[in-house]
Amino acid sequence: MRWINHIVIGASVCAVARPELVPVAIIGSTAPDWLEFVLRKMGYWIRHRTTTHYWSVWVMGVLFAQFLWDFHGVIFWFSVGGVSHVVADSLSITGIPLG
């Protein structure tokens, strides 16, 4: 799926509840892909749609932000953006790992 699709989905999910945090959701909705690039630059070689695309990682981020600690909803909406990315990629032909 293209980044523009992830951006539109993440932004639209967030815009309904917290329009002021749409930029955070957009960053989160592209995070699974750009985190792969960051990890490669740090020396960790990972394949596309593996470690950064695990359902459990993003859902744990949402649960952490919802029930333990969050700074004005930033972590929550970043993680929701990541979940929207994972959901969109899971509907593609290649899918994602369950994690």
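All values below come from the heavy atoms of this structure, side chains included, with hydrogens, waters and symmetry mates left out. The structure presented is a predicted model; accordingly, all values stated were derived computationally and were not measured.
- For the pair F76 and V24, the minimum side-chain heavy-atom distance is 4.5 Å or more.
- Within the 3.5 Å criterion, the main-chain N or O of I96 finds no donor-acceptor partner in the side chain of S90.
- The backbone N or O of G28 sits nowhere less than 3.5 Å from a side-chain atom of W77 that would complete a donor-acceptor pair.
- Counting heavy atoms from C-beta on, the side chains of H53 and D33 come closer than 4.5 Å.
- Between the side chain of T52 and the main chain of P32, a donor-acceptor pair closer than 3.5 Å is present.
- No donor-acceptor pair under 3.5 Å is formed between the side chain of R49 and the backbone N or O of P97.
- Residues F71 and F64 share a hydrophobic cluster, clusters being chains of Ile/Leu/Val/Met/Phe/Trp/Tyr side chains in contact below 4.5 Å.
- H6 has its side chain within reach of D89: a pair of non-hydrogen atoms, C-beta onward, lies under 4.5 Å apart.
- Summarising the local packing, CE of M1 is surrounded by more than 12 heavy atoms from other residues, nucleotides or ligands at distances under 6.0 Å.
- Connection of I75 to L68 is established within a shared hydrophobic cluster, with ILVMFWY side chains joined at heavy-atom distances below 4.5 Å, either directly or through further cluster members.
- Taken to the nearest 0.5 Å, the NE2 atom of H85 stands 14.5 Å off from the CD1 atom of I26.
- Taking each heavy atom of G10 and S29 in turn, the nearest pair found is CA-CB, 4.0 Å.
- By the criterion of side-chain heavy atoms lying less than 4.5 angstrom apart, applied directly or through intervening Ile, Leu, Val, Met, Phe, Trp or Tyr residues, I27 is grouped together with V83 in one hydrophobic cluster.
- The structure places CD of E36 at 6.0 Å from OG1 of T50, a figure rounded to the nearest 0.5 Å.
- To the nearest 0.5 Å, atom CD1 of residue I7 and atom OG of residue S84 are 10.5 Å apart.
- A continuous path of hydrophobic side-chain contacts links F78 to V87 [ILVMFWY only; heavy atoms under 4.5 Å].
- Here I9 contributes atom CD1 and I4 contributes atom CD1; the two are 10.5 Å apart, rounded to the nearest 0.5 Å.
- Atom-to-atom distance recorded for S79:OG and D70:CG is 8.0 Å, nearest 0.5 angstrom.
- Put simply, V62 and W55 are part of the same group of oily side chains (I, L, V, M, F, W, Y) that touch within less than 4.5 Å, one to the next.
- Atom CZ in F37 sits 14.5 Å away from atom NE2 in H48 (nearest 0.5 Å).
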